[in-house]
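This structure is a prediction, so every number in the text was calculated from the model and none was measured. In what follows, every heavy atom counts, from backbone to side chain, and hydrogens, waters and symmetry copies are set aside.
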Amino acid sequence: MDVKNNTENQTSLIFAINGEKFELYNIDPSTTLLEFLRTQTPFKSVKLGCGEGGCGACIVLISKYDPLLERVEDFTASSCLTLLCSLHGCSITTSEGIGNSKHGFHPIHERFAGFHASQCGFCTPGMCVSFFGALVNAEKNNCPEPPAGFSKVTVSEAERAIAGNLCRCTGYRPIADACKSFAADVDMEDLGLNSFWRKGESNGLKVSKLPVYHHDHKNIKFPVFLKDIKHDLLLASENHRWHKPTSLKELQSLWKLNHANETRIKVVVSNTSMGYYKDNKGYDKYIDLSGIRELSHIKKDQTGIEIGAAVTISKAIEALKEESRSDSLSDFVMILKKIADHMGKVASGFIRNTASVGGNLVMAQKNNFPSDIVTILLAVDSMVHIMSGTEFEWLTLEEFLERPPLSLESVLLSIKIPCLETIRSTSSDQRNRLYFETYRASPRPLGNALPYVNAAFLVEMSSSEDSGGSMIDACRLSFSAFGNKHSIRAKNVEEFLTGKLLSFSILYEAVNLLTATIVPKDKNSKTAYCSSLAAGFVFQFFHPLIEISAGVTNCYLNGNSNLPFVKDFELKQNQKQVHHGKIPTLLSSGKQVLETGNEYHPIGEPIIKSGATLQATGEAVFVDDIPSPPNCLHGAYIYSSKPLARVRSIKLNPELVLDGVRDIISSKDIPSGGENVGAKTIFGIEPLFAEEIARCAGDRLAVVVADSQKLADMAANSSIVDYDIENLEPPILSVEDAVKRSSFFEVPPFLYPKHVGDISKGMAEADHKILSAEMKLGSQYYFYLETQTALAVPDEDNCITVYSSSQCPEFTHSTIARCLGIPENNVRVITRRVGGGFGGKAIKAIPTAISCALAAQKLCRPVRMYLNRKTDMIMAGGRHPMKITYNVGFKNDGKITALELEILVNAGIYLDISVALPHNIITALKKYNWGALSFDIKVCRTNLPSRSAMRGPGELQGSFIAEAVIENVAATLSIDVDSVRSINLHTHKSLQSFYDHCYGEPFEYTLPSIWSKLAVSANYEQRTEMVKEFNRSSIWRKRGISRVPVVYQLILRPTPGKVSILSDGSVVVEVGGIELGQGLWTKVKQMAAFALGTIQCDGSGSLLDKVRVVQADTVSLIQGGFTSGSTTSEACCEAVRLSCDILLERLKPLKEKLQEEMGSIKWEALILQAYMQSVNLSASSFYVPSNNSMMYLNYGAAVSEVEIDLLTGETKFLQTDIIYDCGQSLNPAVDLGQIEGAFVQGLGFFMLEEYETDLNGLSLADGTWNYKIPTIDTIPQQFNVQILNSGHHQHRVLSSKASGEPPLLLAASVHCATRAAIKEARKQLLSWSNLDEPDSTFQLRVPATMPVVKELSGLDIVERYLKWKLSRV
C-alpha cells in the first residue's frame, strides 16, 4: 500500500445495502452509517434514538466475507456509531431488507404485529433486526435441527437478543413473546395474547397458525460482487483521508509521514467510544486499525491466551468460552469462562459485536473510562503488548494503567491472560485450590449500563494440616474505578490476607481495612454506597470459603442455607462437571385474562394494531422519515447554561470551520406583526426565545440553521454565549426558595379542588396523629424514542406547511400563526404519527415546530429540526417534582379520620399546564376515605425548565402520596399495611362525598370486587405467608409484597371526526386525536367498521379491511384539541360513530329501495349507486360530551412481590398481578398493551429513573449512559394482567373505559413491596445489635434505586454481621 501524499492509489468505498450496490469515491470519513442511510438512501427503518449506541433504534445487520475461512460473518451493530468508511466490502441489512410490504413481510415482522409487540413503532425495526441477527447466527451452530416452524434460538437467547433495545411503550412482555415464539424450547402455553390462535387450542394447532419461518434466509444472501473486494482501503478527498493499513509495517509508514505533515489524526477500530466520549473535533486523517493482521489474532498455547487489541468483545467472549465446552474443565478454563460471562454483561450485544477489547482498555488508560474488562483482567495478572514507533514491549496491565496516556504513535497490540503456572504463588503446591470470581453491581443485570462498582478476585488456598482450616497463600483483589482514575488492586488487603488462616475475625479485619482503603477521590452521594459494595463483594467471596472449610457445606446444599451465595459458590465449583445446563430465562410465563364481548363486532375484538407490520419493517413514516425537500436546511438550538442571566451576545466558535452555517435565528428575527411566542395553553403563553434575559438553564436563546443536522448540532455545541448577571437577583432553584420569595403561579378558582369534611373534627376524633411528616418526589423524563422534531416548508402567498410530531397540532397551528403574524388560514400542520409522546409531545413540541416555521419564513427555504437526545433532555422539563408535608389523624385500627396536606409543586419557569396539577393530585389522592381532607397546594415558579404534562400528571404523585400516608400510619401502629388499606377503601357512600359529579351508580364502583378478586387470583394471603417464611430463613435476601388500589378520574373533551366513503366502498376516516402508539387508529377503525356495518349489506362484515384512518391535518379537520388524558381514543370513536350515523341516515333510503328492487345488495354496489345518485358520502361531526358523560371514575388494583439483595441493593421484581376495569374494552389487545406499558413506565419512575440537575438547574441526565429506563431485564419476571369486563355503562362510549394512564399509578405497588422488604432487613440489622425496637417509620425515596435500597438496608451490614457473628463464637 502506497502511503505517499497523492491519490493515485485511491480506492473507492464499496458496500451493499439490502443487496443494492453502493460505490463512493468522495466521502467525509466522519459520516456514520446511520447518517448515510437516512440522508442518502430510501431506507429509513434505522432510527436515531440516542446517537450513542444505547437504545437499539438504529440497529443493522452487517455481513462480512472472510476469504480465508470462506464464510460470511453476520453481526448486529449500532449504525449511529459505525463509520461508513469502515464498511468497505460489507453488506448491510436493515429491517426493510429482511422483509417489506412490496416483497413480503418476514415472519419476525408478522409475529411482532400478531403478538401486539409494537405500539408507537419507533423502536420496532431495531428490535426486529436485533432478533434477526440472533436467528441468523443460531442457524450456524451445530445444535440439532429444530421442529418445523422453529429456529435454533433458545428462549433465553431470544430474550437476550433484545436486552440492549429500549422500548418506552410496551413494557417488553409482548416483544419477548414474539421473539420466544421462534424458539424450539418454548412452552407454547407461556406465550401471551396474540392474534394467531384462541385460548385452549392445541400446541400443534398453535404452531401451524404462526407465520411460517424458513431457516435459509434467502432474502439476505451475501452479494457475490463483494467477495472479490480487497480489504485495504485508501480514500482521499479535498479535506480528508481514510487509511486502512493491513500490517504494522504500513502503520509505521503512516506515522512517519504524519510527522512531517502535522496532520490531525483519529485512530479507530470500531468508533464505539464516540457513544461515550462525544468527540466532534475535525480530523484530517482517519486510520482504521481493524484490518491489521497482528491486531486481530487470538493465540492459545501453554503459556496462556493472547487476544489481539482489535478483536471485538464478542469474539473474545467466544474464544474464552470455547474450551469450556469439553466435559472436564481445568481451573484455568473455568477462569476464562467466568471472564467471558462477565464480559457478556459489558454494554449490549450490538456494541460488543463491534467494540474492541483493546479500545476498551485504551479508554480506561487514556480517559479513566470505568471499564469492567480492565478490572477482571487485572485480577488474573494480564499483560499487554505495546508498539511505540518501532519499539515493542510487554507490560503488566497494572503498569500500563499507571503510565501516561498512550501517544498517537503508540498502539496497544494485544492482551495476554497468562496460564495458571504464572498466576500461582512460587511456593504453591499443585494440590492448592484456585478460586476466582467476578462481581458487578449495575442498574441493569444484563449490561447496557455502567456498573456502580465491579470487582474480580483470584485467591489461592491450601488446607492447613494444623487447624484443619484454609490458608490463603496468595490473592489478587481488583476493584473498578469508582471515583479513582482507573481500576486498582487493594494491595494492602492482599498483603494482610496472604499467609492468614481464613476465619470470621480475619475477614472482619480485611473488610474494615478495605473500606478504609478504597475510598473514592470524588466524594458524592454514592461514595459510601460504592465502599459498601466493595466490602459486600469481598464478604460474598470469602464467606462461603470459611463455611466450606468449617465443614458446614452440606447444610447449605440441603436447602437450609441462610446464605444463598454459599450454595451458588458450591454449584459454580461443581459446574466443572455439570456446566451444560440451560441459561435461565429472564421472564417466566405471564397470564393475560380477557373478557371480550361480541355485541358490537368488530368492537371488542383484540385485532392487530393498525400499521403494526409497517412499523416493524420501518416503512411507517415518522416526521424525520419524510424526505428533505430541495434546499432544505437544518436547525439546532443554542440554549442557556445559566439559570438567570442577561445574554449579551451569541457567537460561534471561530476555530471551527463551519462553511455550511446559514444563519442564527433569535427573537430579533420575529417579523413585524408577529409575537415572540413559543407555546400556548388556555392558561397562558411562553416565549419562543429569551429576549434579553435567559430565565432557566435550557432556555431557548436561538436556532443555528445549517446545511445538515450534523453541522447545525456542531455549530450549536460550539457556540459561545456571553452572560452577565450584574444587578440580577439570585435564581430561584427550589420550592423552598420560591416560598421565601413568594414566587407562585396563581391557580384559577375553577381548577382548585374542594376540601372534604371538617378537618378539625376529624383530627379531634383521632386516637393517634402524625404531624409534619415530609416527603419529596423527583422528576421523570419522557424518554420517547423519537425526540422533538418538525419540518417546515414555505409555500406560495406567505403560507407554510409544518409537519410536526405533536399531540396537539391545533395548538401548534394557531401558535405558529401568532408568532409569524399571519392568518391561521396561511398555516397547515400535519401529524401522521408520533414516536412516543407521554405528554411530552403536547406543549413541549410546539416550540420546535415554530422554530422551523420562523426560520423557513425568513430564509424562504424548507427547514427541519431533530433534537439530539442531550438537548431534548435538557429542555424537556418532564414530570413535576414536589415537596409534601402532612398531618394525619387515625384510630387504633388504622382507620384514618383526617388528612391535612401542604404541597409545593415545582412548575419551573413557564406556566405550561402546571396550574392543573392541584386538581389532578387531589383527585388521585382521594382514592381512600380520609374522613376529612384539607390541603394547601402552591404551584411554585422557579428558574428551572418548565415542567409539563407527563402520563398521569399529578395523579401519579397524588396516588403515591396516599400510599405513603397509609404506609406511615401502619408503621406507626405496627400493624399490617394491607389491613390499613382495606379499612380505608371507599364505600359507594363515601365515594360520593369525595368525588361529586362522577361517582356513578353503585354497580359501577368495581374497586371492592376487584380488591377481593385480586386477593384470590394472586394468592395474596398465601404468598404473604410464603414471603414471611422466606424472610425468616434468608439473611442476605429479603422479600416484600404489597397490594395497591387505584381510583382515577377521567374527563372526555370535545373531539371532531370525519368519515368519507369513496366510490369503491373503501372508507377514509379523520379524527382530531393523534396516533401515539396507544392504538387510537385501531379503535377508530373498529368503530367505523361497526357503525357502518349496522346497515347490514351483504358482505359488510368485512368492512374493517376497507377502513383507513389518515393523518391529522389542521386545515382538513379543525378543533382537534389535545391527545391526552387517556380518553381521546374513546372520544374519537364516538365522533366517528356520530359521523357514520349521519352517513347511514343518507344511505338507508337508497338501500331499502335497492333491496326492494334487487332482493339483496352488497356494500360496494350500494356505494356505487349512492355516488351515481349524488348522495353526500362525507360526514363530519363534533362530539361534545354531555354533563353526565364528561367525567367518570375508573378502578384497578395490583399486587407486586420483590426481592432485594442486601449486599448490593438490587431489587428483583418477581411478580406483578393486575386487575383493571376497562368497562367493555373497545380492543382488549390494545388496552392490555396500555396497561402493561403504563405500569412499566411507572416502575421506572418509582425504582430506576433519576432526572436530577446540577446547581444551575441544568439536567445531569443527558443520554442513555446516565438515564436508565426499564429494560427487559428490569420488569416483573411474571406479569399477570386481567382485564375486567364490568358490563354496561350507559354514559360511556359503547360501555368502554380508558386504559392509558391509570395503570401507571399501580406501579407504586413495587415501591411499597420494596419498602416492606427493607423493613425486614432493618429488623434483622437491629437484632444483630440486640435491639428489638422495630424501626419501621423510615422513608424510602423515589426512585428507590440500588444505592437508596442499600443505604436503608445498612451500608455497614457486612461489618455488623461479622461483629455479631464473632460475638457469638
Side-chain angles (χ1 to χ4, degrees), residues 298-307 316-345 372-373 375-383 396-397 415-440 454-465 469-478 489 494 497-502 537-538 540-549 553 557 565-581:
I298 298 175
K299 290 182 193 169
K300 300 177 190 176
D301 57 30
Q302 68 273 20
T303 65
I305 181 168
E306 185 179 348
I307 300 169
I317 291 170
E318 270 304 302
L320 293 171
K321 280 184 174 179
E322 210 166 87
E323 294 189 28
S324 69
R325 297 193 173 102
S326 60
D327 285 327
S328 72
L329 305 176
S330 67
D331 282 343
F332 183 56
V333 171
M334 281 301 292
I335 287 172
L336 295 183
K337 184 178 182 300
K338 286 182 178 181
I339 290 173
D341 289 342
H342 191 112
M343 287 171 75
K345 294 174 185 173
D372 279 87
I373 296 175
T375 305
I376 55 180
L377 293 182
L378 197 57
V380 291
D381 203 18
S382 299
M383 307 284 290
T396 66
L397 179 56
I415 303 96
K416 184 165 186 177
I417 303 171
C419 71
L420 290 182
E421 298 313 312
T422 57
I423 296 174
R424 287 182 188 274
S425 62
T426 51
S427 60
S428 72
D429 189 316
Q430 285 298 314
R431 290 171 299 178
N432 287 2
R433 192 73 185 271
L434 276 174
Y435 295 93
F436 177 72
E437 199 57 70
T438 71
Y439 299 92
R440 188 176 203 270
N454 54 55
F457 308 142
L458 178 66
V459 175
E460 184 181 352
M461 299 185 70
S462 59
S463 297
S464 170
E465 294 178 6
S470 295
M471 180 77 72
I472 301 173
D473 296 313
C475 62
R476 296 174 68 90
L477 312 177
S478 63
R489 282 174 57 196
E494 293 173 3
L497 287 170
T498 302
K500 297 281 196 312
L501 197 64
L502 190 56
F537 291 155
V538 167
Q540 201 169 340
F541 182 83
F542 283 107
H543 184 261
L545 295 177
I546 297 173
E547 298 287 8
I548 290 166
S549 67
T553 308
L557 292 179
F565 46 78
V566 175
K567 186 173 178 182
D568 291 345
F569 192 96
E570 278 295 298
L571 291 174
K572 283 173 184 172
Q573 295 304 316
N574 291 337
Q575 277 182 349
K576 295 175 105 179
Q577 284 75 40
V578 289
H579 66 282
H580 299 297

Contact check, side chains of Asn454 and Thr438, non-hydrogen atoms, under 4.5 Å: no
Qualifying residues under side chain to side chain contact (heavy atoms under 4.5 Å, CB included), relative to Lys500, sequence neighbours excluded: Phe496, Ile506
Test item: Asp341 side-chain N/O and Gly344 main-chain N/O as donor-acceptor pair under 3.5 Å: no
Residue list, side chain to side chain contact (heavy atoms under 4.5 Å, CB included) with Ser462, at least two apart or on another chain: Asn432, Met471, Asp473
Any donor-acceptor N/O pair, Ser478 side chain to Ala456 backbone, under 3.5 Å: yes
Set of residues satisfying side chain to side chain donor-acceptor pair (under 3.5 Å) with respect to Lys416, sequence neighbours excluded: Thr303
Side-chain heavy-atom pair Glu437, Lys338 within 4.5 angstrom cut-off: yes
Heavy-atom check, side chain of Phe332 versus side chain of Leu434, under 4.5 Å: no
Gap separating the NZ atom of Lys321 from the CE atom of Met343, nearest 0.5 angstrom: 10.5 Å
For Glu494, all residues meeting salt bridge (charged side-chain N to carboxylate O under 4.0 Å, His left out), sequence neighbours excluded: Arg489
Test ring pair (Phe, Tyr, Trp, His ring centres under 6.0 Å) applied to Phe542 - qualifying residues, sequence neighbours left out: none
Residues Lys300, Glu306: salt bridge by 4.0 Å N-O rule: no
Side chains of Asp372 and Lys345 in contact at under 4.5 Å (non-hydrogen atoms): no
Leu378 to Leu397 - nearest heavy-atom pair and separation: N-CD2, 3.6 Å
Aromatic ring pairing Phe457/Tyr439, orientation class (parallel under 30°, perpendicular over 60°, tilted between): tilted
Short N-O contact, Asp381 and Arg476, less than 4.0 angstrom: yes
Side chain to side chain, Phe537 and Leu477, heavy atoms closer than 4.5 Å: no
Side chain to side chain contact (heavy atoms under 4.5 Å, CB included) against Thr396, all qualifying residues, sequence neighbours excluded: Met383, Glu398, Glu399
Separation between OG of Ser382 and CD1 of Ile373, rounded to the nearest 0.5 Å: 11.0 Å
Closest non-hydrogen atom pair, Phe436 against Ile376: CZ-O, 4.4 Å
Smallest separation among heavy atoms of Ala319 and Ile298, with atom names: CB-CD1, 3.7 Å
Between CD1 on residue Ile317 and CD on residue Glu322, distance to nearest 0.5 Å: 13.5 Å
Residues that Ser470 engages under side chain to side chain contact (heavy atoms under 4.5 Å, CB included), provided they are two or more places apart: Met461, Ser549
pair Val459-Ile472: side-chain heavy atoms closer than 4.5 Å: yes
